[in-house]
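Working notes, beginning with the structure itself.
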Amino acid sequence: MHVTRFAPSPNGSLHLGHAYSAIVAHDLAHRGAGLGKGQFLLRIEDIDGGRSRADLADEFRADLAWLGLRWDEVPAQSVRVDDYEVAAATLAAMGLLYPCKCTRADIAANATKSGPDGPVYPGTCKASPPDHGEAVAWRLDVAAALARTGPLEWMDDLAGEQRARPELLGDVVLVRKDPDTPASYHLAVTLDDAADGVTLVTRGADLFAATHVHRLLQELLGLPVPRWYHHALLLDEDGRKLAKRRNSPSLADMRREGKDGLAIAQQLRMGQMPSGITLSASLNSAP
Ligand code: GLU
């Protein structure tokens with residue numbers, strides 16, 4: 001029996017890709033029902049103070065209920081900021097964080113490698129620290145961290161055993177420059193999944209590479225190690241991941257139009273996609 005979660009960010013309405021993600025996580029928690037210990041959690045990932053909209057959490061709950069899902073809700077990220085700060089201080093005390101003042105433009109101009117999330121940070125501020133008093137983010141020194149932990153592995157239930165390769169993403173930001181967004185996605189999600197007792201981290205295959213970093217953070221912070229399940233993605237006619245900004249219809253609109261959420265959930269479970277939408281290939285090896 002697994003504890004799984006759906007962890008939407010309230011910066012836009014949910015669409016069918018989110019519905020699929022929530023259904024996969026829900027069903028994995030309750031697989032082999034009868035033993036009855038599985039749990040499906042909802043966590044609102046509202047760490048991004050500048051982009052989060054308070055009204056969307058209620059919309060998300062109504063969407064999930066419309067799909068026929070039941071969940072237990074755990075605290076939103078905005079109330080866990082102290083935990084993120086404590087963890088960042090721990091990593092800093094271990095000598096594994098360094099300050100960085102670089103902008104996206106600086107990184108784009110100086111990067112020599114591209115990783116799964118775009119240009120890999122070239123280590124500019126590691127070589128030449130910013131002046132005191134400048135606004136800085138804090139980055140994880142991945143080489144120093146790996147030297148401390150040694151090689152690490154993690155298990156994806158679809159793609160199989162993986163060697164953690166956080167170096168693919170480079171020295172990621174853990175504490176952001178923007179005071180409205182105190183922790184980065186990587187730090188917050190790793191701490192939250194541990195605090196919530198998640199045993200099977202279920203999310204889209206687009207976040208596969210992020211798991212290399214999360215596994216490293218777990219080891220550094222002494223957190224339990226779950227399994228992962230990176231599911232296939234819903235793609236539009238151009239083969240791109242569904243996105244609200246590209247006019248994928250929202251669940252809220254479908255709900256208000258009187259569409260049958262239970263029937264839609266059942267079709268998604270059976271892999272029957274609405275016209276114009278396809279499911280990407282499932283992972284049976286690392287992407
Ligand atoms: N909050 C993230 C999103 O909405 C999901 C994070 C995760 O599942 O790890 O894309």
Side-chain angles (χ1 to χ4, degrees), residues 2-26 28-29 39-54 56-57 59-61 63-64 69 71 73-81 84 116-118 154 156-159 162 166 169 172-174 176 181-218 223 225-234 240-246 248 250-252 280 283 287:
H2 275 299
V3 179
T4 64
R5 74 341 182 248
F6 175 56
S9 303
N11 48 32
S13 292
L14 303 182
H15 52 60
L16 281 171
H18 296 107
Y20 184 75
S21 195
I23 290 165
V24 168
H26 170 275
L28 284 169
Q39 214 185 358
F40 168 60
L41 307 177
L42 170 65
R43 182 174 65 234
I44 303 295
E45 300 219 315
D46 57 352
I47 188 76
D48 195 338
R51 294 175 66 213
S52 291
R53 279 173 42 199
L56 284 175
E59 182 181 297
F60 293 178
R61 293 181 196 109
D63 292 340
L64 296 183
L69 306 183
W71 64 92
E73 186 159 350
V74 291
Q77 291 187 322
S78 52
V79 301
R80 307 193 196 207
V81 170
Y84 308 147
D117 287 341
W154 54 276
D156 182 278
D157 277 1
L158 292 174
Q162 306 294 316
L169 286 90
V172 291
V173 169
L174 295 188
R176 293 178 42 168
T181 309
S184 75
Y185 159 69
H186 297 300
L187 183 62
V189 84
T190 302
L191 291 166
D192 295 345
D193 283 334
D196 296 339
V198 173
T199 60
L200 183 64
V201 175
T202 308
R203 58 185 171 209
D206 52 332
L207 288 168
F208 190 93
T211 302
H212 294 305
V213 176
H214 303 176
R215 179 67 190 90
L216 176 59
L217 290 174
Q218 285 157 358
L223 302 174
V225 183
R227 299 166 74 95
W228 282 264
Y229 187 105
H230 292 95
H231 60 72
L233 302 174
L234 269 62
R240 292 176 309 185
K241 193 169 83 114
L242 296 192
K244 182 76 176 105
R245 64 179 183 283
R246 290 196 289 266
S248 298
S250 73
L251 302 184
S280 68
L283 299 177

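Remember, it's 1-based here, ligands and their atoms both numbered in the order they're listed. Computation of the quantities below employed the complete heavy-atom set of this structure, encompassing side-chain atoms and omitting hydrogens, waters and symmetry-equivalent molecules.
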Is there a donor-acceptor contact under 3.5 Å from the side chain of Thr202 to the main chain of Leu200?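 Yes; judged by distance alone, with no hydrogens or angles, the pair exists.
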Write out the residue and atom name of the closest protein heavy atom to atom 5 (C) of ligand 1, then the distance separating them to 0.1 Å.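 Going by distance alone, atom 5 (C) of ligand 1 is nearest to Ala7 O, 3.4 Å.
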Atom 3 (C) of ligand 1 [closest protein heavy-atom partner, distance rounded to 0.1 Å]: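 Looking only at protein heavy atoms, the one closest to atom 3 (C) of ligand 1 is Ser9 OG, 3.7 Å.
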Tell me whether the centres of the aromatic rings in Trp154 and His230 are closer together than 6.0 Å.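 Judged by ring-centre distance (under 6.0 Å), Trp154 and His230 do meet the cut-off.
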If you scan the protein for heavy atoms around atom 8 (O) of ligand 1, do you find one that is closer than 4.0 Å?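 Protein heavy atom within 4.0 Å of atom 8 (O) of ligand 1: present.
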Taking it one step at a time, do Ser21 and His231 satisfy side chain to side chain donor-acceptor pair (under 3.5 Å)? CA-CA 7 Å; Ser21 195; His231 60 72; 2.8 Å; yes
Would you check if there is a donor-acceptor pair between the side chains of Thr190 and Gln218 at a distance under 3.5 Å?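 There is no such pair between these side chains.
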Of all the atoms in ligand 1, which lie at a distance below 4.0 Å from a heavy atom belonging to [X]?
X: Arg5; result: 7 (C), 8 (O), 9 (O)
X: Glu45; result: 1 (N), 2 (C), 5 (C), 6 (C)
X: Val189; result: 9 (O)

Any N or O on Arg203 sitting closer than 3.5 Å to an N or O of ligand 1?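 Checking ligand 1 against Arg203, an N or O pair does fall under 3.5 Å apart.
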Decide whether the shortest distance between a heavy atom of His18 and an atom of ligand 1 is less than 4.0 Å.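 So His18 does not count as touching ligand 1.
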Any atom of ligand 1 sitting under 4.0 Å from a heavy atom of Tyr185?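 True for this residue.
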Yes or no on salt bridge (Lys or Arg N to Asp or Glu O under 4.0 Å) for Asp46 and Arg51, after CA distance, side-chain angles and deciding distance? CA-CA 8 Å; Asp46 57 352; Arg51 294 175 66 213; over 6 Å; no
Could you tell me how the ring of His15 sits relative to the ring of His18: parallel (under 30°), tilted (30 to 60°) or perpendicular (over 60°)?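 His15 vs His18 ring planes: tilted.
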